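For reference, the structure is listed below as C-alpha coordinates.
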Amino acid sequence: MNNVERLAILKRLKIAFQNEVLRSGAPLKNEDFEELWPTLGFNHPYYSGAQKAADVLLTAGRPVSEYELAETELNMILGQAISELEHGLTPPPPEALEER
(Lines give C-alpha, C1' and ligand atoms only; values in the text may rest on other atoms or scores of the structure.)
Protein backbone atom coordinates (compact mmCIF):
# COMPACT_ATOMS: atom_id res chain seq x y z
CA MET A 1 0.00 0.00 0.00
CA ASN A 2 1.42 3.38 -0.94
CA ASN A 3 0.92 6.62 0.97
CA VAL A 4 -1.74 7.96 -1.41
CA GLU A 5 -3.86 4.85 -0.84
CA ARG A 6 -3.12 4.94 2.89
CA LEU A 7 -4.21 8.60 3.09
CA ALA A 8 -7.49 7.93 1.29
CA ILE A 9 -8.29 5.01 3.60
CA LEU A 10 -7.41 6.94 6.76
CA LYS A 11 -9.59 9.89 5.72
CA ARG A 12 -12.51 7.57 5.06
CA LEU A 13 -12.00 5.70 8.33
CA LYS A 14 -11.71 8.92 10.34
CA ILE A 15 -15.11 10.04 9.06
CA ALA A 16 -16.59 6.59 9.67
CA PHE A 17 -15.26 6.49 13.22
CA GLN A 18 -16.50 10.00 13.97
CA ASN A 19 -19.91 9.59 12.39
CA GLU A 20 -20.82 5.95 12.84
CA VAL A 21 -18.53 3.63 14.73
CA LEU A 22 -17.74 5.65 17.85
CA ARG A 23 -21.21 7.15 18.06
CA SER A 24 -22.79 3.68 18.07
CA GLY A 25 -21.58 3.11 21.63
CA ALA A 26 -19.01 0.79 23.13
CA PRO A 27 -17.96 -1.90 23.09
CA LEU A 28 -17.00 -2.05 19.46
CA LYS A 29 -16.12 -5.15 17.45
CA ASN A 30 -12.72 -6.19 16.16
CA GLU A 31 -14.13 -5.86 12.63
CA ASP A 32 -14.48 -2.12 13.20
CA PHE A 33 -10.68 -1.87 13.33
CA GLU A 34 -9.55 -4.48 10.77
CA GLU A 35 -8.94 -1.98 7.99
CA LEU A 36 -7.22 0.49 10.31
CA TRP A 37 -4.23 -1.63 11.36
CA PRO A 38 -2.55 -1.99 7.95
CA THR A 39 -2.96 1.72 7.25
CA LEU A 40 -1.18 2.74 10.47
CA GLY A 41 1.67 0.29 9.94
CA PHE A 42 3.93 3.06 8.61
CA ASN A 43 4.26 4.62 12.07
CA HIS A 44 4.73 2.48 15.18
CA PRO A 45 3.65 5.15 17.72
CA TYR A 46 0.38 5.71 15.83
CA TYR A 47 -0.18 1.99 15.54
CA SER A 48 0.46 1.24 19.21
CA GLY A 49 -1.53 4.25 20.40
CA ALA A 50 -4.49 3.25 18.27
CA GLN A 51 -4.28 -0.29 19.62
CA LYS A 52 -4.39 0.98 23.20
CA ALA A 53 -7.48 3.05 22.38
CA ALA A 54 -9.07 0.08 20.60
CA ASP A 55 -8.45 -2.15 23.62
CA VAL A 56 -10.62 0.20 25.68
CA LEU A 57 -13.26 0.56 22.99
CA LEU A 58 -13.51 -3.22 22.56
CA THR A 59 -14.07 -3.92 26.26
CA ALA A 60 -17.55 -3.90 27.74
CA GLY A 61 -18.31 -2.43 31.14
CA ARG A 62 -15.85 0.44 31.28
CA PRO A 63 -16.88 3.87 32.54
CA VAL A 64 -18.15 6.26 29.87
CA SER A 65 -15.25 8.60 30.59
CA GLU A 66 -12.77 5.88 29.55
CA TYR A 67 -14.61 5.34 26.27
CA GLU A 68 -14.65 9.07 25.60
CA LEU A 69 -10.93 9.39 26.32
CA ALA A 70 -10.15 6.45 24.01
CA GLU A 71 -12.34 7.95 21.27
CA THR A 72 -10.51 11.27 21.59
CA GLU A 73 -7.12 9.53 21.47
CA LEU A 74 -8.05 7.53 18.38
CA ASN A 75 -9.41 10.62 16.63
CA MET A 76 -6.21 12.53 17.43
CA ILE A 77 -4.00 9.70 16.12
CA LEU A 78 -5.97 9.53 12.88
CA GLY A 79 -5.73 13.30 12.46
CA GLN A 80 -1.97 13.28 13.01
CA ALA A 81 -1.44 10.38 10.62
CA ILE A 82 -3.52 12.11 7.94
CA SER A 83 -1.61 15.37 8.39
CA GLU A 84 1.73 13.57 8.21
CA LEU A 85 0.73 11.83 4.99
CA GLU A 86 -0.72 15.01 3.44
CA HIS A 87 2.52 16.88 4.07
CA GLY A 88 4.84 14.08 2.96
CA LEU A 89 6.47 13.77 6.37
CA THR A 90 6.51 9.99 6.55
CA PRO A 91 9.88 8.28 6.73
CA PRO A 92 10.77 5.86 3.95
CA PRO A 93 9.86 2.23 4.56
CA PRO A 94 12.59 0.14 6.26
CA GLU A 95 13.44 -1.70 3.04
CA ALA A 96 14.18 1.62 1.31
CA LEU A 97 16.66 2.51 4.06
CA GLU A 98 18.41 -0.84 3.67
CA GLU A 99 18.95 -0.20 -0.06
CA ARG A 100 20.99 2.96 0.58
Side-chain angles (χ1 to χ4, degrees):
M1 166 184 326
N2 65 40
N3 284 345
V4 172
E5 294 166 327
R6 187 181 314 277
L7 178 60
I9 292 168
L10 284 174
K11 284 182 174 182
R12 182 177 48 75
L13 289 176
K14 186 171 192 277
I15 292 168
F17 277 112
Q18 287 176 332
N19 294 335
E20 301 164 21
V21 178
L22 297 177
R23 302 244 185 265
S24 68
L28 299 178
K29 299 180 221 75
N30 282 319
E31 298 83 49
D32 295 322
F33 294 97
E34 285 179 357
E35 194 175 16
L36 180 61
W37 306 132
T39 62
L40 290 178
F42 75 98
N43 184 301
H44 182 71
Y46 294 158
Y47 185 88
S48 63
Q51 281 199 314
K52 288 177 187 174
D55 287 344
V56 171
L57 295 167
L58 291 167
T59 305
R62 292 186 181 254
V64 172
S65 60
E66 287 186 29
Y67 291 128
E68 290 173 349
L69 185 61
E71 290 171 3
T72 300
E73 181 70 18
L74 183 60
N75 191 45
M76 185 178 71
I77 289 167
L78 292 174
Q80 289 173 334
I82 289 167
S83 181
E84 185 174 314
L85 289 165
E86 286 177 333
H87 294 94
L89 301 174
T90 59
E95 57 272 2
L97 293 175
E98 292 171 6
E99 293 173 3
R100 289 183 187 183

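Values in this document were obtained by computation on a predicted structure and should not be read as measured data. We number each residue from 1, following the sequence as shown.
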Under 4.5 Å between side-chain heavy atoms, hopping through other hydrophobics if needed: is there a path connecting Ile9 to Trp37?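 Yes.
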
Among Gln80, Glu84, Gln51, which residue meets the side-chain hydrogen bond (donor to acceptor under 3.5 Å, both in side chains) test with Tyr46?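 The option that passes is Glu84.
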
Smallest separation among heavy atoms of [X] and [Y], with atom names:
X     : Y     : result
Met1  : Glu5  : CA-OE1, 3.3 Å
Thr39 : Leu36 : OG1-O, 2.6 Å
Ala81 : Phe42 : CB-CZ, 4.0 Å
Ala50 : Ile77 : N-CD1, 3.3 Å
Arg62 : Thr59 : NE-CB, 3.4 Å
Leu40 : Arg6  : N-NH1, 4.4 Å

Give, for atom [atom1] of [X] and atom [atom2] of [Y], the distance between the pair rounded to the nearest 0.5 Å.
X     : Y     : atom1 : atom2 : answer
Phe17 : Leu57 : CZ    : CG    : 8.5 Å
Ser83 : Leu78 : OG    : CG    : 12.5 Å
Glu35 : Leu10 : CD    : CG    : 9.0 Å

Please list, chain by chain and in numerical order, all residues satisfying salt bridge (charged side-chain N to carboxylate O under 4.0 Å, His left out) with Glu68, sequence neighbours excluded.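 Glu68: no salt bridge (charged side-chain N to carboxylate O under 4.0 Å, His left out) contacts found.
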
